[in-house]
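Heads up, the thing below is written out as structure tokens.
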Amino acid sequence: MATWLYRLGLGAYRRRRLVLAAWLAVLAGAVCALVVVGGKLDNEFTIPGSESQQAQDTMAEDFPAAAGTSAQIVFTAPDGAKVTDPQAAQGIQRTLTAAQDAPQVAAVIPPDKAGTVTPDGRTALAQVNYDVSRSDLDDGALDSLEETTKAAEEAGLEVSVGGQAYGNGVLTPSVLELLGVVVALAVLAITFGSLLAAGMPLLTAFVGVGTGLAGLLAVSSGVTVSSTALSLALMLGLAVGIDYALFVLSRHRTQLAQGMEPRESAGRAVGTAGSAVVFAGTTVVIALVGLLVVRIPFLTVMGLSAAATVLIAVLVAVTLLPALFGLAGARLAPRPGSRAARRAAVAAGEVPAGSTEKATEKATEEVAEEATEKAAAKASVMGQRWARLVSRRPLLVVVGTVAALVTLALPAADLRLALPDNGTAAHGTSQRETYDTVDEAFGPGFNGPLLVLAEADAQGQAGQQQAAAVAGRLQELPGVVKVGQPQYAPESGRAVIQVVPEGGPQDESTQDLVDAIRGDAAVIERETGAAVSVTGTTAIGIDVSDRLTASLLPFAAVVVGLCLILLLLVFRSLVVPVKATVGFLLSVAASFGAVVAVFQWGWLADALGVARTGPVVSFLPIVLMAVLFGLAMDYEVFLVSSMREEWVRTGRARDAVIDGAGHASRVVTAAALIMFFVFASFVTTEDAIVKPIAFSLAFGVLVDAFVVRMTLVPAVLAMVGRGAWWLPRGLDRLLPDLDIEGARLHEPPRAEPARPLTEINASSG
């Protein structure tokens with residue numbers, strides 16, 4: 001692979017203008033496609049094959065208004081007044097009449113018919129049903145509904161509009177979220193000591209992200225794409241786009257500082273660092289594509305969208321970046337005498353001038369070696385000092401690090417999963433105000449009622465009696481606050497019954513009620529003659545969470561197995577894959593613990609702007625494992641491959657760990673900081689889905705890079721010694737050699753065998 005990428009880098013360097021024009025054409029094509037076909041994001045959660053989704057689809061045949069999305073209008077009278085007062089009642093009536101004429105409204109259920117007026121008469125709740133799903137609502141449909149409330153407001157009532165029709169909006173990057181890019185530029189400038197070099201990873205990342213997002217939005221006109229998928233693609237595209245370019249550019253500048261010709265350096269940088277980029281990017285893509293096994297459409301699209309963005313970032317790093325190297329030429333080389341040049345000298349194994357001469361003046365060769373080692377130690381970078389520190393007492397470091405990570409992971413035992421509702425919306429929004437008012441005035445269950453589809457075995461009046469019997473049976477179940485009047489379709493014998501639970505949409509008691517209805521379905525059918533199934537937004541959300549929870553362990557097993565196999569192929573070692581896999585699991589567990597502490601227990605919730613504590617968004621664990629797996633492999637490959645290079649070159653196990661860490665630590669540190677700040681900048685968003693995902697990724701990257709890779713890895717390898725690089729001979733012969741480190745690039749070309757003199761004479765004749 002390294003040889004092929006080496007040739008690709010040379011080709012991109014040589015045909016730099018053609019490569020640059022091709023990428024600009026791809027970007028322009030994606031933007032033009034978006035302009036022509038447009039795009040629409042869909043935040044609807046569906047789960048084909050589940051009981052709730054099947055019932056929802058069946059219900060849509062007879063009750064389109066009940067199967068579609070719905071909104072709520074809450075009327076609150078001032079202190080001392082009631083919504084039943086003549087003036088207030090007239091204002092409510094005018095509002096509901098106007099709401100019936102609002103775009104796409106199928107039915108309006110007034111408070112007196114629904115029985116949703118509080119005992120004190122101060123608050124009333126009306127329901128507005130649409131015959132389309134939330135994603136099919138026209139732009140401005142909810143705005144038109146909100147305008148109908150003016151009549152009630154003029155009557156002195158306080159009015160708010162919310163409900164299931166209001167979902168998470170599209171994430172629009174703000175100044176705070178773009179701050180991560182600014183910090184990334186600062187980190188790059190400090191790392192390279194050059195604005196030209198610092199700007200190059202940002203430029204390539206913007207090209208990759210622009211192409212990916214424009215293409216994704218264009219595809220959304222025909223495929224269901226959620227705003228969360230767009231946000232995840234943006235986060236990942238920026239983070240890996242900058243990091244992958246950083247790895248290749250860092251190797252290129254080091255080689256230039258060592259005197260390598262720019263064209264050759266570009267090829268070798270793509271062949272070595274580019275090989276690691278391709279491997280790391282492939283692991284991310286495979287893990288994200290693995291979300292297909294969960295069989296939930298919105299999660300599948302999310303994984304494929306993010307995987308496409310990562311794939312584009314890899315292609316940019318191995319094609320567009322070497323083309324830019326060709327345009328920059330030797331200007332990317334560090335200035336002689338600069339810190340970057342001195343680091344390159346240390347990486348090349350050179351000792352500062354004067355040190356060797358002093359050493360050779362000593363009487364013995366042993367003293368000369370000691371003086372040389374001391375001089376090299378003085379020239380070592382911070383990464384070497386840190387690796388030397390942790391490898392001095394490796395067992396103590398391993399035990400302490402594992403204990404700290406396990407402690408961080410302890411809250412994960414309390415992890416609860418659910419889909420977000422309007423209770424997690426930002427404070428001050430209309431849907432949040434409506435949610436809170438309904439919760440306080442009527443109870444949490446009115447924010448997430450269940451719909452029960454009853455299918456009678458008879459039609460007409462007999463079927464209606466069976467539906468009424470089902471409603472009566474449901475009222476007897478524990479945890480039920482209210483059962484609505486059945487809506488009956490005499491032609492089909494089907495009925496829809498609204499059941500209001502005691503708990504809110506995310507409460508465990510609501511899930512228990514859903515399980516209880518499904519568990520009693522056979523008994524209810526025997527008693528009433530009607531088959532029942534539970535559906536509605538709340539039930540669909542519960543089914544989504546259940547399927548994701550059930551998929552978590554199998555998906556984790558696939559990721560862990562993939563980790564072991566890939567690292568076994570790359571490093572040809574038994575210890576390295578096992579150590580890397582255990583480290584990855586510790587990072588994931590610690591991230592889960594931090595998420596539970598913040599988003600469930602409320603630690604630092606106010607500081608991070610968490611709107612409401614409660615269950616974690618149900619697909620966060622799988623997304624975190626998929627993304628963090630690839631990012632962890634990034635750091636593992638760049639750090640351990642550098643150590644392996646030193647081991648192959650010197651055969652000294654402990655020195656290989658220390659020197660390899662010194663060569664790679666600065667780049668890994670810069671890459672991790674960039675990742676952290678890009679993800680952390682998205683924690684400032686008010687989106688209830690994006691915020692915990694961004695937090696978990698930022699925390700996970702920080703822990704994995706600095707605690708696991710930079711601390712635990714060198715300690716374990718130093719403790720194991722030469723055994724870290726052992727592989728049984730039989731297995732060694734079976735495994736293909738991927739040559740991630742680019743060892744073949746350093747081999748001298750094979751000389752052609754000499755031709756016999758007779759052949760030469762014959763050919764010349």
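These numbers were taken from a predicted model, which means no experiment stands behind them.
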Under a 3.5 Å distance rule, please check whether [X] uses its side chain to pair with a backbone N or O of [Y] as donor and acceptor.
X    : Y    : answer
T123 : T76  : no
S430 : V161 : yes
Q459 : E491 : yes
Q487 : F63  : no
T95  : A152 : yes
N422 : G163 : yes
S52  : T535 : no
S618 : S545 : no
S220 : L217 : yes

Shortest non-hydrogen separation from [X] to [Y] and the atoms involved:
X    : Y    : answer
L216 : A229 : CD2-O, 4.4 Å
P505 : G448 : CG-CA, 3.7 Å
L417 : P621 : CD2-CG, 3.7 Å
P449 : V500 : CB-CG2, 4.3 Å
A307 : L288 : N-CD1, 3.6 Å
A441 : T118 : O-CG2, 3.6 Å

Excluding sequence neighbours, so at least two apart, what forms side chain to side chain contact (heavy atoms under 4.5 Å, CB included) with [X]?
X    : answer
V532 : V452, A454, V470, A521, I524
D112 : P110
D436 : R432
P692 : F599, V617, L620

Can you confirm whether more than 12 heavy atoms, excluding those of [X], are under 6.0 Å from its [atom1] atom?
X    : atom1 : answer
D120 : CG    : yes
Q104 : CD    : yes
E61  : CD    : yes
D139 : CG    : no

Distance check, rounded to the nearest 0.5 Å: [X] atom [atom1] versus [Y] atom [atom2]?
X    : Y    : atom1 : atom2 : answer
E147 : T149 : CD    : OG1   : 8.5 Å
Q90  : E154 : CD    : CD    : 12.5 Å
I109 : L96  : CD1   : CG    : 11.0 Å
Q53  : D543 : CD    : CG    : 9.0 Å
T434 : L125 : OG1   : CG    : 9.0 Å
F75  : T116 : CZ    : OG1   : 10.0 Å

- request: Decide yes or no on side-chain contact (heavy atoms from CB on, under 4.5 Å) for V623 and L299, but give the supporting numbers first.
  value: CA-CA 9 Å; V623 171; L299 197 59; 4.1 Å; yes

query: Taking only residues two or more places apart in sequence or in another chain, which ones pass side chain to side chain donor-acceptor pair (under 3.5 Å) with T97?
result: Q93

- prompt: R612: what forms a side chain to side chain donor-acceptor pair (under 3.5 Å) with it, not counting sequence neighbours?
  reply: D421, Y435, Q506

field: CA sep, side-chain torsions, deciding dist, call: F682, L697, side-chain contact (heavy atoms from CB on, under 4.5 Å)
entry: CA-CA 10 Å; F682 282 83; L697 290 175; over 6 Å; no

- prompt: Taking the six-membered ring for Trp, are F446 and F442 parallel (under 30°), tilted (30 to 60°) or perpendicular (over 60°)?
  reply: tilted

- prompt: So which pairs with a foot in residues 458-485 pass salt bridge (Lys or Arg N to Asp or Glu O under 4.0 Å), sequence neighbours left out?
  reply: R473-E527

- line: For residues 498-516, the salt bridge (Lys or Arg N to Asp or Glu O under 4.0 Å) pairs (sequence neighbours left out) are R416-E508

Side-chain heavy-atom pair [X], [Y] within 4.5 angstrom cut-off:
X    : Y    : result
L291 : F555 : yes
N447 : T538 : no
F298 : T228 : no
E433 : V74  : no
K691 : V683 : yes
F699 : V595 : no
V514 : L450 : yes
P103 : D138 : no

message: Side chains of T537 and Q164: any donor to acceptor distance under 3.5 Å?
response: yes

[X]: salt bridge (charged side-chain N to carboxylate O under 4.0 Å, His left out) partners, not counting sequence neighbours:
X    : result
D62  : R494
E51  : R518
D79  : R122
E146 : none

field: Derivation of the side-chain contact (heavy atoms from CB on, under 4.5 Å) call for F592 and V616
entry: CA-CA 10 Å; F592 287 165; V616 177; over 6 Å; no

task: List the steps and the verdict of side-chain contact (heavy atoms from CB on, under 4.5 Å) for V534 and I542.
output: CA-CA 11 Å; V534 188; I542 290 173; over 6 Å; no

